[in-house]
Asker: 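I have a structure here, written as structure tokens, and I will follow up with some questions on it.
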There are 2 protein chains.
Amino acid sequence: MKTQENLFSPIKSKGIFEEVSSNIKRLIFDGVLKPGDRLPSEIELANQFSVGRQTIREALRILELSGFITVQKGGSGGPLIKDTIINTISDLFLDAFRMEKISIEELTIARLEIEKMVLNHVMDNLTDLDIEALEQNVAAAREKIEGNMMANEENIEFHNLLAKASKNHVFVIVVGSIAAVLRNLLSRLSPGVGTAGDPGGYDKSILMSGNAVRYHEEILSAIIEKRRDAAMELLEQHLIEVSHRIKTLID
Amino acid sequence: MKTQENLFSPIKSKGIFEEVSSNIKRLIFDGVLKPGDRLPSEIELANQFSVGRQTIREALRILELSGFITVQKGGSGGPLIKDTIINTISDLFLDAFRMEKISIEELTIARLEIEKMVLNHVMDNLTDLDIEALEQNVAAAREKIEGNMMANEENIEFHNLLAKASKNHVFVIVVGSIAAVLRNLLSRLSPGVGTAGDPGGYDKSILMSGNAVRYHEEILSAIIEKRRDAAMELLEQHLIEVSHRIKTLID
DNA sequence: TCACATTTGTCCGTATGTATC
DNA sequence: AGATACATACGGACAAATGTG
């Protein structure tokens, strides 16, 4: 029963590969290595640390799955410092949702509540840059709709941009994760929807997508004009409609 | 430029080790493999998948860092299915803190908003079983406090039980993740606090812990008596006080 | 207490696939 | 198209750790 978790020096605990990844992590935390910098190749790292290549590979795998680096194959490739922690956290939330077998009802209820909460924060922290990004998003979405194309990616991004405008990264992660789950569900229910230039999507799906864009435009207007209650009401209507759309797809 | 993302069979895209980990992941999602089950040894897996042992190792490393398995060395050891996604998320949150992607302020604001939202749902969906679990929790916490021991685990669990009482798994995961981050932070800031029977904890930390228990008791009473506004007010006071406690620990 | 078997951890050598120049 | 550089993958070997008899 002595489950003493030694939190002070988590290094040295498991093996060399963890120590190597911790060392590189520390360099990133201390600012010695910044996003965009290149790490030496595996062979080079193996020589510098005086360890085997497999050990380096597992250390790099840790860093990759922790969102600190990406690895590119081929010539002039190799490990690249890149900050993707937020995305990594979102991925794990997605896994957690899938493990718990979340129902559509639960997800839509939670989404509705959380996004309303986020919107409240947006109204208090909105900047011109946020407005610009949101306007750009709905413009791009409208353009696609007018070209008879789905605008699903843009529509999902609208909600992510809204979360960003709340100036709270926790909200960004949570909203982004829920959006990822929904996108996952939609792509399973109506295949080919997310792909660009899908020639088979000339059905009511485009109408729904266009409808969402109109809602986004109205919500954005209400936000800009500081009409808080109207924005909340529109958001609620929009999300309820989306949930209905998903339900009809399931049947 | 042919970046066609095939959402139906994302396998074969990156490499063999990702395909292996995806296969095992799928088995876990589908319930074929459940927490507590043992995976074959690395050599056995290598034979069954007809791949090298190094490939298996990297696949297992992915699963470990994604919170799906743990790996034990030695005789009768090996890969063990275990759901630790929430802990993994909290670890990444800590990394995000260190990378200054998330601040304590953001986290406490998000926690306050989310738990208030959850409490509202709890008031509408409370059952006798939830009440029983919550009462048992505060009773256990009080017992520890009266024995001059910290009740941090119980106090954190109180909030998780609250989330469960909302009957929404999304809330459970979000609240659980935030709680895990806070527990992780607290254990780093005030070492030895989480361990049972810590003889060095006879300081103001126990007072704070006891204070939290009192708040929990009052909140629970308000919930049972359907005093919604009072419960919300108490919860808000409680969480603000906790955030102050964390801030003072950081300075 | 002491081997013993099992399993992960680590290293080496080599070959292949892949992206860049 | 060819050369180069790099990750990816295979097989074999030994060391270290851990539970079991």
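The sequence lines fix the lettering, A, B, ..., with proteins before strands; numbering per chain opens at 1.
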Asker: Just to verify, what does Ser90(A) make a side-chain contact (heavy atoms from CB on, under 4.5 Å) with, not counting sequence neighbours?
Answerer: Ile173(A), Ser177(A)
Asker: Taking side-chain contact (heavy atoms from CB on, under 4.5 Å) as the definition, give me every residue that meets it alongside Glu146(A), ordered by chain and number, with sequence neighbours left out.
Answerer: Arg142(A)
Asker: What pairs of nitrogen or oxygen atoms, one from the protein and one from nucleotides 10-12 of chain C, lie under 3.5 Å apart?
Answerer:
from: dT10(C); atom 1: OP1; to: Ile16(A); atom 2: N; distance (Å): 2.4
from: dT10(C); atom 1: O4; to: Arg53(B); atom 2: NH1; distance (Å): 3.2
from: dC11(C); atom 1: OP2; to: Gly52(A); atom 2: N; distance (Å): 2.6
from: dC11(C); atom 1: OP2; to: Thr55(A); atom 2: OG1; distance (Å): 2.4
from: dC11(C); atom 1: O5'; to: Gly52(A); atom 2: N; distance (Å): 3.1

Asker: Name every donor-acceptor pair, under 3.5 Å, that has one atom in a side chain of residues 72-89 of chain B and the other anywhere in the protein, sequence neighbours excluded.
Answerer:
from: Asp83(B); atom 1: OD1; to: Ile85(B); atom 2: N; distance (Å): 3.2
from: Thr84(B); atom 1: OG1; to: Gly67(B); atom 2: O; distance (Å): 3.3
from: Thr88(B); atom 1: OG1; to: Thr84(B); atom 2: O; distance (Å): 2.9

Asker: Not counting sequence neighbours, which residues clear side-chain contact (heavy atoms from CB on, under 4.5 Å) with Val242(B)? List them please.
Answerer: Arg111(B), His238(B), Ile246(B)
Asker: If you take any heavy atom closer than 4.0 Å to DNA chain C, which residues from residues 68-84 of chain B end up in contact?
Answerer: Val71(B), Gln72(B), Lys73(B), Gly74(B), Gly75(B), Gly78(B), Pro79(B)
Asker: OP1 or OP2 of dG9(C) less than 4.0 angstrom from a side-chain nitrogen or oxygen of Arg61(B), does that happen here?
Answerer: yes
Asker: Phe93(B): what forms a ring-ring contact (aromatic ring centres under 6.0 Å, His included) with it, not counting sequence neighbours?
Answerer: none
Asker: Could you tell me, to 10°, how much the axis swings from one end of the helix from dC2(C)-dG21(D) to dC21(C)-dG2(D) to the other, five pairs per end?
Answerer: 10°
Asker: Which heavy atom of His159(B) sits nearest to which heavy atom of Val175(B), and what is that distance?
Answerer: O-CG1, 3.8 Å
Asker: Among residues at least two apart in sequence or on other chains, which ones pass side-chain contact (heavy atoms from CB on, under 4.5 Å) with Gln54(B)?
Answerer: Gln54(A), Arg57(A), Glu58(B)
Asker: Sequence neighbours excluded, which residues qualify as ring-ring contact (aromatic ring centres under 6.0 Å, His included) partners of Phe17(A)?
Answerer: none
Asker: When you list every nucleotide of DNA chain D with an atom under 4.0 Å from a heavy atom of chain A, which one comes first 5' to 3', and which comes last?
Answerer: dA5(D) to dT8(D)
Asker: Between Arg53(A) and Glu42(A), is there a salt bridge with N-O shorter than 4.0 Å?
Answerer: no
Asker: Who passes salt bridge (charged side-chain N to carboxylate O under 4.0 Å, His left out) against Arg98(B), sequence neighbours left out?
Answerer: none
Asker: Answer yes or no: is there an ion pair linking Asp95(B) with Lys25(A), defined by an N-O contact shorter than 4.0 Å?
Answerer: yes
Asker: Any ion pair linking Glu153(B) and Lys144(B) (charged N to carboxylate O, less than 4.0 Å)?
Answerer: no
